Visitor: 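Supplied in structure tokens, the structure appears directly below.
Throughout, a chain's letter reflects where its sequence line sits, starting with A, and its residues are numbered from 1. What you see is a predicted model; the values in this text were computed from it and never measured.
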Amino acid sequence: MAMDLWGFKDTRELEKNTSDYPETILKEQISALGEKTGFVLYGKPIYMRIKETEVEYGAATIFNVVVPALDDYNKTLLIMYSNFEGNYPVAISVGKSFAEDMEDFRPQYECKDLDSFKEALKKILSSNEVMEMIKTLYSKANMLVS
Amino acid sequence: MRVIKVLFWNLYNKNLISPLIDLIQENKTDVVTLAEATNLDISALLNHFKLNGEDWKDIQFSSTNDIRVLAKKEVNIIPFKEEKHYSIYKIKKNEYVDCLLIVVHLLSKMNKSNEVQYNRAYNIARELNKYEQELFGGNERRTIVVGDFNMQPYESGICSGYGFNATMSAFHASKKTRKVNGEITYFYYNPMWALMGANKCVQGSYYNSSDKDDNAIYWYSFDSVLLRPYYIEKFNWDYFSIVEKTERYNFVTNTIIDKSRYSDHLPIKFEILGG
């Protein structure tokens, strides 16, 4: 029998041990959007590698809201910036595109740990700006669905 | 996609409704793509066509930019994404995406350096690549990018392998991809090269006699159309041009663009033959 020298047994164990990681938490919010709206809206991540050396992060996760009733219309809700080597810090940008951020990187939130990340995410997802976007997209989609 | 005639015009933030109507009618346009269009009275435009028995629609969900697209009712076109410097539209045929039409209005040289412009273009090109990947998967990409790039076809933001990778060479573009720094990079074909330097009065879509580097260029092809190789054989060269005038309006007077009465850009038009 082949030797298994890894420090984890299977993906379930891996998932249990990464539940507090920013990518996991963000993914949960992305999934929650679909569940909460009956999939009239749902979230979708898009990954971009950062090539700019002036930006201290290596990866961008673009959180897009998708509207199936509008032929999968996409709207960017936020962008999370992270590094491959560690979980924190992460940065979050709202209201700007990836290209805009790469030119002038000034994210609204920089999170050093889990608590500050959760706090920032909660603030963003319940902000007036984001709620208006969600309500507008939902209302446009619902008009076509019903 | 059936035969489709497209017009692009940067309106210089003016309500150029009458010249636009003439352009659309005289060129039998099917899809109008516009930049700096926030002051255009779109309702009046649509009503005009309705009164003349033509049904046009405003293609927009939630625009945060100055780009607007109008299309004849029979063109099945819907917005996919609307960002600050670009908007992506799906042109559909029988419920599948037949063409991705992307309209851009990129950073101006007046506000930013060349380097900043190019870097912005590189990142926008990368974003657009991601959406193409999502929509076309492993199938051949059927994308057309039109708009005000604010760059000449030979500038890095457009022709670099890190930018739009747009070439003047149909031969090279037809290879579809090349490797740049080890990464597969998709070609665009840029037909605008054919219009530059032609021995006629108008040799670009923008005129400037005070180049900031004292280059003797005068005519700039800032407005471009870029085609994925799929469309090279479907491009109608006889129809393609920079539009200098209509029957009633002359956008060029005394050999320069009349920006006091019209826009500081000339419209461009192109046609894609059915495929």
Side-chain angles (χ1 to χ4, degrees), chain A residues 40-55 57-79 81 93-106 129-144, chain B residues 59-65 76-93 95-98 100 102 104-107 111-135 157 160-164 180-183:
Chain A
V40 172
L41 309 177
Y42 68 88
K44 187 169 187 175
I46 300 222
Y47 302 102
M48 301 281 290
R49 202 159 40 99
I50 293 171
K51 297 185 177 182
E52 276 70 7
T53 50
E54 313 82 45
V55 176
Y57 298 96
T61 305
I62 303 172
F63 177 179
N64 279 346
V65 176
V66 183
V67 192
L70 301 178
D71 221 300
D72 292 343
Y73 180 77
N74 266 238
K75 189 87 179 165
T76 297
L77 195 149
L78 61 84
I79 306 176
Y81 294 95
S93 166
V94 186
K96 286 169 79 181
S97 68
F98 173 73
E100 283 177 277
D101 277 345
M102 290 304 99
E103 177 191 316
D104 181 21
F105 189 67
R106 283 191 280 180
E129 187 191 340
V130 166
M131 286 313 303
E132 264 317 297
M133 182 205 297
I134 297 293
K135 282 191 255 182
T136 302
L137 293 174
Y138 183 82
S139 127
K140 283 184 198 287
N142 225 19
M143 193 177 71
L144 296 170
Chain B
I59 316 297
Q60 182 197 25
F61 282 150
S62 167
S63 184
T64 52
N65 56 33
N76 189 357
I77 176 171
I78 39 178
F80 174 71
K81 196 165 202 312
E82 294 162 304
E83 279 291 347
K84 189 173 177 184
H85 289 288
Y86 67 82
S87 290
I88 306 175
Y89 304 86
K90 293 181 190 177
I91 297 181
K92 298 189 80 177
K93 182 179 171 185
E95 298 316 305
Y96 71 87
V97 177
D98 195 35
L100 216 54
I102 301 172
V104 300
H105 183 198
L106 303 187
L107 277 187
N111 307 318
K112 302 281 181 180
S113 69
N114 285 348
E115 192 190 347
V116 167
Q117 258 197 321
Y118 302 160
N119 284 334
R120 180 72 77 95
Y122 298 163
N123 284 309
I124 287 176
R126 287 180 65 212
E127 275 186 72
L128 297 177
N129 255 312
K130 279 281 175 177
Y131 292 113
E132 275 187 293
Q133 219 171 311
E134 185 184 307
L135 289 165
S160 166
Y162 301 104
F164 284 88
V180 176
N181 206 16
E183 280 189 33

Visitor: Could you tell me which portion of B/Y122 (side chain, backbone, both or neither) has an atom closer than 4.5 angstrom to a non-hydrogen atom of chain A?
Guide: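 Contact with chain A: none, neither part.
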Visitor: Pick from B/R126, B/E83, B/K84, B/K112: which one has the most heavy-atom pairs with chain A under 4.5 Å?
Guide: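 Result: the option with the highest number of such pairs is B/R126.
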Visitor: Shortest non-hydrogen contact from B/K130 to A/Y47?
Guide: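 Heavy atoms only, the tightest pair is NZ-O, 2.7 Å.
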Visitor: With a 4.5 angstrom heavy-atom cut-off, which part of B/L107 approaches chain A: side chain, backbone, both or neither?
Guide: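 Just its side chain gets close to chain A.
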Visitor: Please lay out, stage by stage, how A/I46 and B/Q133 fare under the test side chain to side chain contact (heavy atoms under 4.5 Å, CB included).
Guide: CA-CA 11 Å; A/I46 300 222; B/Q133 219 171 311; over 6 Å; no
Visitor: Output the option from A/M102, A/M133, A/K96 having the highest count of non-hydrogen pairs under 4.5 Å with chain B.
Guide: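 Option with the top pair count is A/M102.
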Visitor: Where does B/E82 contact chain A at under 4.5 Å (heavy atoms): side chain, backbone, both or neither?
Guide: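 For B/E82, the contact with chain A is made by backbone and side chain together.
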Visitor: Side chains of A/V67 and B/F61: does their closest heavy-atom pair fall under 4.5 Å?
Guide: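 Not in contact.
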Visitor: Which bit of B/I124 is near chain A, if near means a heavy-atom gap under 4.5 Å: side chain, backbone, both or neither?
Guide: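 Contact with chain A involves both backbone and side-chain atoms of B/I124.
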Visitor: Rounded at 0.5 Å granularity, tell me how far CZ in B/F80 sits from CG in A/D72.
Guide: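 Atom-to-atom, B/F80:CZ and A/D72:CG are 7.0 Å apart.
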Visitor: Quick one: do B/E183 and A/K51 make a salt bridge, cutoff under 4.0 Å?
Guide: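 Yes, charged N to carboxylate O under 4.0 Å.
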Visitor: Name the region of B/E127, side chain, backbone, both or neither, that has any atom closer than 4.5 Å to a heavy atom of chain A.
Guide: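 Both parts, heavy atoms under 4.5 Å.
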Visitor: Between B/K90 and A/D71 (side chain of the first, backbone of the second, donor and acceptor by atom type, cut-off under 3.5 Å), is there such a pair?
Guide: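 Confirmed, B/K90 side chain pairs with A/D71 backbone.
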Visitor: Please tell me whether B/N123 and A/E52 have a donor and an acceptor in their side chains that are separated by less than 3.5 angstrom.
Guide: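 Indeed, the side chains of B/N123 and A/E52 share at least one donor-acceptor pair under 3.5 Å.
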Visitor: Side chain from CB out, backbone as N, CA, C, O: work out which of these in A/N64 comes under 4.5 Å of a heavy atom of chain B, or both, or neither.
Guide: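 Just the side chain, heavy atoms under 4.5 Å.
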Visitor: What part of A/L70 gets within 4.5 angstrom of chain B, counting heavy atoms only: side chain, backbone, both, or neither?
Guide: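 For A/L70, the contact with chain B is made by backbone and side chain together.
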Visitor: Heavy atoms only, distances under 4.5 angstrom: which of A/V66, A/I62, A/N74 has the most pairs with chain B? Name it, please.
Guide: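 The option with the most such pairs is A/N74.
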Visitor: Pick one of side chain, backbone, both or neither for A/T76, based on which atoms fall under 4.5 Å of a heavy atom in chain B.
Guide: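 Both parts, backbone and side chain.
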